[in-house]
Amino acid sequence: MTDVASPRFRFAPSPTGFFHVGGARTALYNWALAKRLGGTFVLRIEDTDEARNKPEWTQGIIDALAWIGVKRDDPTFEGPYFQSEYADAHVAAAHRLFAEGRAYYCDLTSEQIQERSKQNSKPGYDGYSRDRGLEPGPGRVLRFRVPEGTTVVEDLVRGRVEFANDTIEDFVLLRGNGSPMFLLANVVDDVSMRVSHVVRAEEHLPNTPKQQMLWEALGHRPPVWAHVPVLVNEQRKKLSKRRDKVALEQFRDEGYLSEAMVNYLMTLGWAPQGDEEIVPWSRIEAEFRLEDVNHSPAFFDLKKLAAFNGEYIRAMSLDRFISACEPFLTEDVPWTSDQFDAEIFRAIAPLAQTRMVTMNEIVALVDFLFLAEPIIDEAAWSKTFGGEEAVAMLDDAIIAFGETADWNADALKTALEAAGTARGLKLGKAQAPVRVAVTGRTVGPPLFEALELLGRDKTMARMRAAAERAR
RNA sequence: GCCCCCAUCGUCUAGUGGCCUAGGACACCACCCUUUCAAGGUGGCGGCACGGGUUCGAAUCCCGUUGGGGGUGCCA
């Protein structure tokens, strides 16, 4: 192990798709530790699976990490390194192991291995070529000669985990074509990058005795291991890219705030001190300990994430909220840029802020203010104008508003309240037809404030149009 | 099958032998507030998987059972 005073952590994703929330949490754990302990966070892209890797995913990883605060320009950050560039070192290490008798070549095909396994009714590879003294050659894999005894993994979250070596098969180091396998490449890189702490998901725990033997065979003391529980879906299965919504990029695009996502992810398997779970990163960084990480899988709960996001949205200052809205106000919007009015938006923003769970919801909350005509939600329309009462109420509202001298929220409210009372309707009922007429929806920001911003002309025109349509 | 891990409200967790009549958060329900919807406030529902030990005392320690999960590739 390297200098304890300056630990080196690493995050080693493979660029095989969108960035997974589970990966994000692992990265965050490593990052929090590296920051607090004054260590280093090494990013190594494990791009050795040629069939599945795509270069564009690498940039995706870097961007996603930056989004959650793991930034390249931070002095704690080191890399990215690319595993594919170290293939020579991996092969050289394997050859050394062969020369030392720690590994041997085998010419069995996987079909033959399966056949033997079936015959002696033992799973996996049985060490058939251990003593055959095979030289390297095409189609021959290099296997590690697992020694006798027991391998004890000391894990910071699991404690002491023992593996009987006779349950571990002689695993492949080099493929038949001579290329290195994950187990080997991963260890050789960790050794050469002087990694002191391997913090990763629990699914790697079964690999750990193999890797630890490799560390030792290569003449090094193994790192500190820590295997954190996996994230699961509602069926309590490991989150998968195929069936679950896990892409960090998607959450970002829908308007989840990175602070909320980071905070939520950190509470999966761990909790800050005290009763508060919404805490700033500074506290997380100061308090996070691997020893405190839970041992059981955690359900990635979209509802709770949404609740966190809502909290974070409401906690923003008006200026921050407005600038956070901006990307969602310019792309994929129903209005044209000249229809948008920043002053009006600023006025409605505080009223929208408490009504959102994700930032992309801002559009539907304010669109009626910028569009020439509201987008009519048919379900809302038929529900509201199903009876004659609503149309009559709308007619009365048109008259009441027409007689209103000052066009402001208070005056409009007073006017509608009076009109409603005359028909025996409470304000809640009386406002409904007006709301649908003007905004197209049954829900939205407070009505009279919205009408004030919309202005007399547009409001009256929409109400008349709706009355016409409802007849 | 074999190896390994895990087990507190529906969910995420606090709890490290007495402070536990088990605390908080999300979700859910009710009420209050209220121009819709939210937000906010108040309250409620709800848990130590089971069985044995150890101990004066166990959610906490040990064993077993059951139940979940991960791994078992010439993927990473």
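Here the structure is a predicted model, which means the values were calculated and not measured. Lettering of chains follows the sequences in order, A, B, ..., and the numbering in each one begins at 1.
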Using a cut-off of strictly less than 4.0 Å, decide whether [X] has a side-chain nitrogen or oxygen near OP1 or OP2 of [N].
X	N	answer
A/K238	B/G71	yes
A/K413	B/U35	yes
A/K304	B/A27	no

Please pick, from [options], the nucleotide with the shortest atom-to-atom distance to any side-chain atom of [X].
X	options	answer
A/E311	B/C26, B/C74, B/C4	B/C26
A/R314	B/G40, B/U35, B/A7	B/G40
A/R435	B/G69, B/C6, B/U35	B/U35
A/P297	B/U36, B/G69, B/U16	B/G69
A/V443	B/U11, B/U36, B/A27	B/U36
A/T48	B/G71, B/A76, B/U36	B/A76
A/L205	B/C5, B/U36, B/G69	B/C5
A/R236	B/C26, B/U35, B/C12	B/C12
A/Q431	B/U36, B/C75, B/C12	B/U36

Can you tell whether the side chains of A/R456 and A/D406 come within less than 4.0 Å, N to carboxylate O? no
Using a strict threshold of under 4.0 Å (side-chain N to carboxylate O), is an ion pair present between A/E169 and A/R116? no
Between A/W225 and A/W215, what is the ring plane arrangement, given parallel below 30°, perpendicular above 60°, and tilted in between? perpendicular
Whether A/F345 and A/F370 hold their rings parallel, tilted or perpendicular, with breakpoints at 30° and 60°: tilted
Does [N] have a Watson-Crick or wobble partner in any strand here, with both distances under 3.5 angstrom, and which is it?
N	result
B/C33	none
B/C28	B/G44
B/G1	B/U72
B/A59	none

Taking the P atom of each, how far is B/C50 from B/C37, in whole Å? 43 Å
Determine whether any donor atom in the side chain of A/T354 lies under 3.5 Å from an acceptor atom in the base of B/A38, or the reverse, and answer yes or no. yes
A/F300-A/Y264 aromatic ring centre distance below 6.0 Å: yes
